[in-house]
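Reviewing the structure listed below.
Every chain is numbered from 1 and lettered A, B, ... according to where its sequence line falls, protein lines coming before strand lines. What you see below is based on every heavy atom in this structure, not just the backbone, and it leaves out hydrogens, waters and symmetry mates.
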Amino acid sequence: MSKTVSGVLASFKYEDCAVDAIKGLKSKGFKDLTVYSAAPNHLIEEALDQPVSWVRAFTLIGALTGCAAGFGMSIWMSLDWPLLVGGKPIAAIPPYVVLGFELTILYGALSTVAGVIILSAMKSLKGRPFKPEFSDDTIGVFVPCPPEQRPTIRQFLEGVGSEEVTEHGA
Amino acid sequence: MPDEMKHEPLDRRRFLKVVGVAGAGTAALTGCSTDKVEKLIPYLVQSADQVPGIPTIYASTCTECAAGCGLHVRTREARAIKLEGNPQHPVNAGTLCARGQASLQGLYNPDRLTGPMGRNGVGKMSEVLWNEAIDQLAAAVKQAGSKVAVVTGTPAGTMSDLIDQWTAAVGGRVIRYQAFDHGPVQLAAKKVFGVDELPHHDFGAAKYIVSFGADFLETWHGPIENQRGFAAAHGFDGKGMAKFVYVGTRMSLTGMNADQWVSAASGSETSLALGLANAVLASRSDAPADAAQLKGMLAAYTVEKVAQDTGLSADVVRTLCAEFAKAAPSLAVAGGIGAQHRGAAELCAAVNVLNYVAGNVGKTVHFGFGMGSGSGYGAMLELERAMNAGEIDAVIFHDTNPLYTLPKSGGFRAALAKVRFRATTSMFWDETAAACDLVLPSLHSLERWDDSRPRAGVHGLVQPVMEPVFKNMAAGDVLLQVARKIGGAAGAAFTAPTYEAHLKGIWAGVAKARGAADFDTFWRGALANGGLYDAAPAPATIKLAAGAGDIKSEKPAFDGEGLLFAPYPSSMYHDGRGANRPWLLENPDPVTRITWQSWIEINPETAREMDIREGEILRLNSPAGSIEASVYVYPGIARDVLAMPLGLGHTEYGRYAQGRGVNALDLLSAKDGQGFLPYLSTRVKAEKTGRFRKVAKTEGNPRELGRGITEAIPLAAAVKGLTIQQAYQAAGKGEHEVNPEREAEAIKGFREGQLEERRYGAYALDNPQWGMVIDLARCTGCSACVTACSAENNIPWVGEEDIFRGRELSWMRIERYFEGGEDGEPIKARVIPMLCQQCDAAPCEPVCPVYAAYHTADGLNGQVYNRCVGTRYCANNCPYKVRYYNWYAYAKRAFVEPLNLQLNPDVTVRARGVMEKCTFCIQRIRGAQNTARLEDRAVADGDVVTACAQACASGAITFGNVKDPASRVVQAAKNPRGYHVLEELNTRPAVTYLARVEYGSEA
Amino acid sequence: MRKLLVAGVAAVMAVGAIALTMPSLTTAQNQAKKAEPDSVVAPRLTAADSSNLKGPKQPIFFRHDIHAGQYKIQCQYCHYTVAASSEPGVPSLQTCMGCHLAIGGADSTHRVEIKKLRDAWKEKRPVEWVRIHTLAKHAHFPHMRHIKSLGPNACATCHGDVARMPQVFKVNNVNNMGFCISCHVERKVNRDCTACHY
Amino acid sequence: MTAMLDHTPKMTHAEVTRDVVATLQTPSRGYYMALFGAIGLFLVGLGTFVMLLKEGLGLAGYNPPIFWSVYITTFVFWVGIGHAGTLISAILFLFRSPWRTAVYRSTEAMTVFAVMTAGLFPIIHIGRQWIFYWLLPYPNQRWLWPNFKSPLIWDVFAISTYLTVSTTFLIVGLVPDIAAVRDKMSGWRKKLYGALSIGWTGADSQWRHYTRGYMYLAALATPLVLSVHSVVSWDFAMSVIPGWHGTIFAPYFVAGAIYSGIGMVMTLVIPLRKVLKIEHLITEYHFDNLSKLTLLTGSILFYAYAMEYFVAWYSGNTFEQTTFWMRAFGPMWWGGWTMIICNGFVSQLLWFKKIRTNLTALFVISIFINIGMWFERFVIINSLGNDFLPYAWGRMNPTWADWGILAGSFGWFGMYFLLFARTFPVVAIQELKEIIPMPRRKGGAH
C-alpha cells in the first residue's frame, strides 16, 4: 500500500452540488481533481471540461492496419503458391475485400479497447481514496492539496453541500 | 453356408511374396502415419517380366461367358489388378464388358472355397485334403462305371474335349448345359437350312436390323461383338445409319437402343416375321431362286393378317414391311430369352426364312463358324429321367450351377438326390455344391492354363497370370489324376502329367498342323497374342431344307392365367453367376437403374389400374410357385406383362449373393418346349401385399424436363450436317440463342482478359489441355465403362443401404432419361454417360477453402484427396453432380481380403470424409508423361486412354489433348452435333457430347 | 527473405509458434551435398554394435558403407529398377547370392551375417528388411524421373550419404511435403499438386 | 425526451444497484432445473459428435445431392440469432434509443453465446474434423495457404471477427457494472469481482476514455453485424445452385437474422425477468419496441419470400422455376410452408398493440419465429435436392445424428447463458443510471 495522496474527499448525493463543488474548486485553481461517479454524467463532464479522448487515434490506426493486413495477407498468400480456381485471376480483388473488411473491424475494435485501457491507465489514481458508494449512488470528489490547505477546502465543500467530507494523507 | 466352413485367413507371408514390395501394393489414405514399422519383402528370385511399379500385361481369354473375348490382364507386383480387352482379338478388339471385367472379383472373391470339401463321418461337409478328394472321386467314378454323367458348361476348347475323352474313357455320358443356350436357334437352323449349328451374325454390315426379342446387347451370343457391329451399323458416320427395330414385350437395353420399339403380342412375332418375308418376296426380285417354293406358305401373311395376329396397327406393319424390303443387306435376329416362348423355334425358323428371302444369308448371317449350343435343356430333362430311373450312379458338375439355373418346379433336385455320388468343381459354395458330396474347387481362369474356341478362326489361350489365391486344383488336373487313379483304359488314355502338359500337347499338334518349325517360338508367340486368330472361314453355302416350307404361326401355350410373366437375363448377373460380384451388384441395371435388388417391372397404366406405386411389394403367384418383390413402374413394357430380371435370389453362393433378391425362375413351370426352357410361358396373378420396400435405384427423376441434357438430332438434319441449334430452327422449335451476339462478344472479351490474368506460374507454361468427346449416337448405355472406372480407380461399392440414400460412388454414371411415352407418342429412352466435365471455369473449385479442388496446369479439375477436409461445398456447387463423398470408410468396408489385392497401386484409396470424382484417369496421364520423359519425347496422341474409353465396345469415347489440332479428340469435337451439357452456365466443360441421331418423320 | 515475409505475415496474423515450422522450410538446402563415396575403409563392426548405431536394426546387419562405400558398388546394381520405375526395387535374394555364393566375408563379423543370408536362400525365405523411407500412400514419387533429371548419383539428395552409413538411417523426413517442395521451388520445377497426389 | 422520461424506471440509483445485484444471489430451483436440462442436452450433442468422429458423417441424414443438411441449417440459425444482440447494443446505442438499456446486456450475452455455438458447426459438419485448422492461414511445412476466394474462408474470418468483437463489446460494457457489484459484495466474491473489474473506480479520467471507446466500438460493430450475415448468405449466393444463386440474399439474410435474433431475445428474456424478479426493469414498453422491430424485419422477410418466387417466375429460368415449385409443392412442401407461415404471417400479428404488449402471446409468437427461421435455412438448403440434372435429384432425410447435434447446440447455448445470468448483471446498471436523473437539491429538471 503506497502512501496516500494528501487531500480532501467529499461525497455528494445531489449532482448539482457536486457540479458546484467542481466548478468552485477549478476556479480556486485546483485542476487535478478526481471525480467518481457510478455512471457517465454530462453535467460533470461539462464542469470538468477536459479535451476529447485520444482513443479515436487508436481506432483509426488499428483499422487501417487491419485493412492492409487483410488485403496483404490474401494477395501475398495467393501469389505465394499460385493455384487457379474457377478460371478466376490468381489474386482476385473482389473476394479479398471481405478479408480486408473483416480485419479492419477486428483490428480497429481490439486497438480501441487497448486504447481505452492504456489512456485510462496513464492517469494514475495511486493513493487517491475511494468509497464503495461511489459505484452506487454517490458522486465523489477528491481534491489533492497540501495538508495545510485541507481545512479551507473542507469548509468550502461542506458549504456547497457535501454529505461527508474526509481528509486524507499524512 | 454350413458353419463348419471357415474362411482360412490368407497366409500373409505368401501374399507379400506375391506382392513383392509390401506397401507398394494396397495403397490406403493413411495420412502420414509412417512411424509404424513397415517391412520390405524382396522377391526370392526376380522374375524377368516383373518390374515393381510397372504393370505387366498378360494376354488371356475371358471365361465369363461363351463369347470367349480376348483379355489383357494388367498385373502389378505379380497380382492381377485389372482386366482389359485384347486389341488383337477379333471378337472384342480391345474392349470388355462389365461382366468380363468383374471376373477379377471372381478371382479375389472372399467366398472362394479354400480347399476341397467332402462329407465327413456325420455326413456334414468339411474340408478334406486334395489327395483324399481325388481318391474319393476316383473310387466313386470307378464304381459307377458307365453310370457316370458329366454336366459341363465349359464352352468349346481343350477342356471341353478332355471332358468328352475322359468320360468316354471311364464310360459315361456328357451333358453340355448352359442356362441361356440357343436351343431354338439351333433347332430352327436344322429345320430351315438343315445345318446343326448356330449362325454368326454380322451386325456391322446390316442396313436394317430387326430383333425379335433377341437381346444381343445383353447376353445373346457375344454381346461385345454384337455391340461392336451394332455401333458400326447404327452409329452415325456423317452419311447415314442403319435403322434398328426391336420387337418384344419389353424394352430391354437392346430395345432401348432401337429406333422403334414394336410391342407385338407375345407369341405373335412369328406372324410378323413371315409377314415381312412375304413383303420382301412380293416387292423384291433378288430373292434366291429356291425361295419361290415358300410363296405359298408366306402368301397367307398379308399386312392385315399380321396386324390382326400381332395387335399392331396395319400402318405400322405396312411401314415395317416397306422399310425392310427396301433395305439390303438387312438382318433379322431371334431366339433370345425376350421371345423364348413355346413357339420360339418356329419364330427362329420364320426369321431364318426372312433372312433367306432377303438374301442376308451369307451377307449378315453366316454359317460354318462351327458354333454349337450344346445339348441344352432337353438333355437335362433326359438326365433327370435317367437319374430317377437309377441309370446314374455318379454326377460330376463342371462350370455349371443347374440347381440354380433350372426352375425349382422341375424335378431335377429331387432326381439328383437319388444319385449315389455327386461332385462339382465349383470355385464357390453355390446351390449345386450344397447338394454335392464332394466339392473340388477349380482354379480361376486367371490362375490356370486353358484355351477356348468360341468359333472357327479364333483359338484363344488362357494362361495363369499369378500364383493361385487359394491352393486349389484346376478341374483339368483333377480329371487327369482321377483317370490315372482309375487306371486301365482310362489311365492309358491320358499320359500327360498335368493339364498344362496336356494342353501343350494339343497345341504341339496345332503347331505341327500349321507347319511351325519350333514349338517354343510358336507357343510363345501364341501366348503373347493371346491365341491364334485366322480370317473368318468362307461361309458355307446354304440352301433351304424341306422343313422350311411348313412354318406355322400359332399362339404358343401359356401356363396359368393373369398377366404374362417375362423373366429376362440381367446384363449384369447373366444366368446368376455374376450375383457374387459387388461391381456388378452396384453397377445399376442399364434400363431401370436399380442395384442390389430384384424388382418387378409393370406398365404405368397397369399400375394405375391396380393402384400400385413404386416400391410396393407385390406377390406373384403362378402354378409353379410364388415370389415377392418391390415394384418398379416402367413405361417401356407392354400393358399385359410383368417383367423381372434373372440372376438373383441365390440360396447359397457367398455373402454378396446369398438371400439377395428373388429368383424369377421359381415362377416358371419346367414343362419343355422342344428341347429348350420356355422362359416366356407363364402367366401370373399379381397380389398386393400392402408392404413397401424402397427400390435401390440411383435415379432421381426419369425425365429431363426439356433441359437439353441429352440432345438428339433428326437423321435428316444430321445428314445435312446441321448443328443442334440449326436443327431446332429447321424443325420450327428454334429456342432463343443462349447468348445474343453482343453478349457473346462481351463474354469473349472478358474471357480473354481473364485468361491473361491467369498466366502465372505453371499456368504460363505450354501444357496440354485434356479433353473428351462422347458420341451419344454410339453409346448404348451398357455400363461397361462404369465397371472399368471402378476397377481402374479403386472405387468402393457402398451397398444397398447407402444406395437408398443416394450415396453411390460412381465417377462414371450412365444417366437414362425417358422421352414421350405419354398420350400415344412412343416411349423412347436416351442415355448419357455423366462424368466430371473437368470444367475450365469450374464452380467446384473456388468454393473449396483449402484448394483441394483446383485447376491443374493441364486443364483438369485436380482433386487432392489428402488435402480435402470434407466441407462438401464443391459437391453442392457442381451443376453436374459428379462429385462423390466418402460418408463412411467405404474402402475399408468394401475391400475385404483378398479383394484388397485388386486395388490399383497407382491410385490413392480414399479415406473417410474425403471428396472424390473422375480424374480423367490422371494416373494414366502421369504414367504416360513419365514414360515420355524417360524416352525424351512428348506424349503422343493415343498414349493416354482412359479406362472408360478403353472398355467401350461402341467406341463412343475419345480422349486426348485438345491443344493438339491433329489429335483424334479435336477432330471428333469438330462434329456439328457437338454440344456441352448445361452450356448456359458457362462452366466451359472439357467434355463434348455429340448429339444422338434419331429417325424422325423420314423414317 | 521468404522467412521474413512469412514471419511478417504471421506476426500480423498474430498466429503463434511459427518458429517451430520454419526450419523445415529450408531443410533441402542442407541436404544438397553430393554422394561420391571416396575410398574409405569401412570400420570393423559386429552385429552387436548395430544397436548403438543410428537407424533401425535390420534382420541382417547389411553394410551399405562396405558395399557402396568401400567397394563402390553402384546403387543401381541392387536397386535395379530405380531408373526405370517409380519403385527403386529391393534386391532379390538371388541378386545378393550372385556375389555371396563366392564371397564368404573377409572376417568373422562378416561371415556371421553372410551366413544368415545363405541360410535364408537355402530355406527359400525372403529377408524382411525394416523399411526406413516410407512415403504416405497418397503421394506418388516416380524415382525414375528424378534419376533421369538429377543423374544416377542423386540418391543422396534425399537418402543422405548412405555410402558412409554402416546402418542406414533416415536423414531427411522424405514424407514431409515441405522437403519435396523446397527442392522443387529451388529448381523451379513443377509444383502442381496432381504431379504427386492422385 | 418525454418518451424517455415516461418509461424511465421510477427508482433511485441505489435501488437499481440493489435490485440488479439481487439477481446474483442464490438462485431458485427453477434456475437449477433449467441449467441441468441444458447440460443434459449438451451431453446428448457431445455423445452424437463422438459417434460422428468414430463412424463418419454417414450417420447423419445426408442424401446426395444434398451434401449439406441439418448442421449447416443450424449453423446459419445460430449465427442469425446473434445479430439481434449487436443490433440492439450497437446500432440502437448509436441511435441513442432509450429503451435498449434495459435489455441490451442480455441480448449481447445471447449474441456471444449464439456465435460461440455457431462456431462449432463448421467443425462438426466437415468430414475430417481433426484437421479443421487447415482452414486457418498458418505457416506450415507444406507451404500451403487457404483459398481466400472460398466463401467458407470468408466465414471463418467473419465469424471469428464477430465473436471477438462482440465478446469485447460485452466485456467492456460489463466492467463498470462489475465494479458496482464488487462494491456490494463481501468475502471471496468481492475479491473475484474486484479482479474482474480491473481496477475500475468510475473516476472521470476513466469515464472520459471509456465513453469514447465504447462509442467507437459500437460504430465498428454496426457494419460488422451487417457484414457477417451477408457473408454467411454468400455461402449460398456465390454458388450456381438454383434457389441459392440469388442477389437478394445478403439483405434478405440480414433481415432474417435480426428477426430470428429478436425472436430468441423474447424467448429468453420473458421467462428470465420473472426468474430474476426484474419485471420493473424490463417492462412491456421494452417488449412493445422489440415487437415493432420484429414486425419490421418480419415484413422485410415476407417481402423477400414473395420476391424469390416472383423472380423465379419472372426470370423464365426453368431451373429456378422448378426449384421454387418444388419448395412449395414438392416432397418437402411442409418445410416451405412452415417457413412462410411462421415468419411471413405470424409476424403480421404484431400490428396489434394488444398482442405487442401481451407477453404470453409474444412468447408463443417468439417460439414460432425460432421454428420458422430454422426452417427457412432448412428449406434453402433443400434447394439442392432438385437442381440441374433431374437424374441426380434426391431429398434430405434427417436422422437421430442430426437431431442429437441440434439438441446439443441448444444445450451448449443455454448452459452458457444461464451461467452468465447467474454470474453477471443481466441489466446494465450504469446505463440505467445514466438515464435515471440523479436527485438535485435545488430540484427541477435540466
Using the rule given for salt bridge (charged side-chain N to carboxylate O under 4.0 Å, His left out), can you reason through D:K184 versus A:D136, listing the C-alpha separation, both sets of side-chain angles and the distance that settles it, and then say yes or no? CA-CA 9 Å; D:K184 289 282 174 210; A:D136 185 358; 2.6 Å; yes
Below 4.5 Å, heavy atoms only, C-beta onward: do A:P51 and D:R208 meet side chain to side chain? yes
Chain D contact via A:D32 - which portion, at a heavy-atom distance below 4.5 Å: neither
Heavy-atom distance under 4.5 Å to chain D: side chain of A:I90, backbone, both or neither? backbone
Structural part of A:F101 lying under 4.5 Å from a heavy atom of chain D: side chain
Chain A contact via D:P439 - which portion, at a heavy-atom distance below 4.5 Å: both
All heavy atoms of A:L125 vs all of D:S205, minimum pair found to be CD2-OG, 4.1 Å
Based on non-hydrogen pairs under 4.5 Å, which of A:I117, A:T104, A:V52, A:L110 is most in contact with chain D? A:V52
Please identify, among D:R212, D:R182, D:R18, D:E431, the residue contributing the most non-hydrogen atom pairs under 4.5 Å to chain A. D:R212
For A:T112, is it the side chain, the backbone, both or neither that has a heavy atom under 4.5 Å from a heavy atom of chain D? side chain
Let me know if A:L119 has heavy atoms under 4.5 Å from chain D in its side chain, its backbone, both or neither. both
Check each atom of D:T168 against the heavy atoms of chain A and say whether the ones under 4.5 Å are side chain, backbone, both or neither. side chain
Run the side-chain contact (heavy atoms from CB on, under 4.5 Å) test on A:E102 and D:V231 for me, step by step, so that the C-alpha distance in whole Å, both residues' side-chain angles and the decisive distance to 0.1 Å come before the verdict. CA-CA 10 Å; A:E102 297 298 343; D:V231 168; 4.0 Å; yes
Name the option with the most non-hydrogen atom pairs under 4.5 Å to chain A; the candidates are D:G213, D:S230, D:A14. D:A14
Honestly, the part of A:R56 sitting under 4.5 Å from a heavy atom of chain D is both
Using non-hydrogen atoms only, which part of A:L33 is less than 4.5 Å away from chain D: side chain, backbone, both, or neither? backbone
Between NE2 on residue D:H13 and CD1 on residue A:I139, distance to nearest 0.5 Å: 8.5 Å
Flag the one option from D:V181, D:V165, D:V172 with the top tally of heavy-atom pairs under 4.5 Å to chain A. D:V165
Identify the heavy atoms of A:A109 and D:L220 that sit nearest to each other, and give their distance. N-CD1, 3.3 Å
Quick one: side-chain contact (heavy atoms from CB on, under 4.5 Å) partners of D:F169, sequence neighbours excluded? D:S89, D:A90, D:E108, D:Y214, D:L217, D:A218
Please classify the contact of A:V19 with chain D as side chain, backbone, both or neither, using a heavy-atom distance under 4.5 Å. neither
Smallest heavy-atom separation, A:M73 atom then D:F157 atom, equals CE-CZ, 3.5 Å
Heavy-atom distance under 4.5 Å between the side chains of D:W145 and A:S78, does that happen here? no
Compare all side-chain heavy atoms of A:D137 with those of D:T12 and state whether any distance is below 4.5 angstrom. no
Taking D:T164, D:I198, D:T17 one by one, which has the highest count of heavy-atom pairs under 4.5 Å against chain A? D:T17
With a 4.5 Å heavy-atom cut-off, do A:I105 and D:Y162 have their side chains touching? no
Passes side chain to side chain donor-acceptor pair (under 3.5 Å), D:H209 versus A:S53? Steps please. CA-CA 5 Å; D:H209 306 297; A:S53 161; 2.9 Å; yes
Please name the pair of heavy atoms, one in A:A38 and one in D:W207, separated by the smallest distance, quoted to 0.1 Å. O-CZ2, 3.4 Å
Report which part of A:T59 has an atom under 4.5 Å of a heavy atom belonging to chain D: side chain, backbone, both, or neither. side chain
Are side-chain heavy atoms of A:T34 and D:D204 found at a separation under 4.5 Å? yes
Can you tell me how far the CG atom of D:N147 sits from the NZ atom of A:K88, to the nearest 0.5 Å? 9.5 Å
Tell me whether the count of non-hydrogen atoms from other residues, nucleotides or ligands lying under 6.0 Å of CD in A:Q155 goes above 12. no
Hey, is the main chain of A:A91 close enough, under 3.5 Å, to the side chain of D:K149 for a donor-acceptor pair? no
Between D:A179 and A:S135 the two heavy atoms that sit nearest each other are O-OG, 4.1 Å
Which heavy-atom pair separates A:F130 from D:T201 by the least distance, and what is that distance? CE1-O, 3.3 Å
Okay, A:V35 and chain D: the region with an atom under 4.5 Å from a heavy atom over there is both
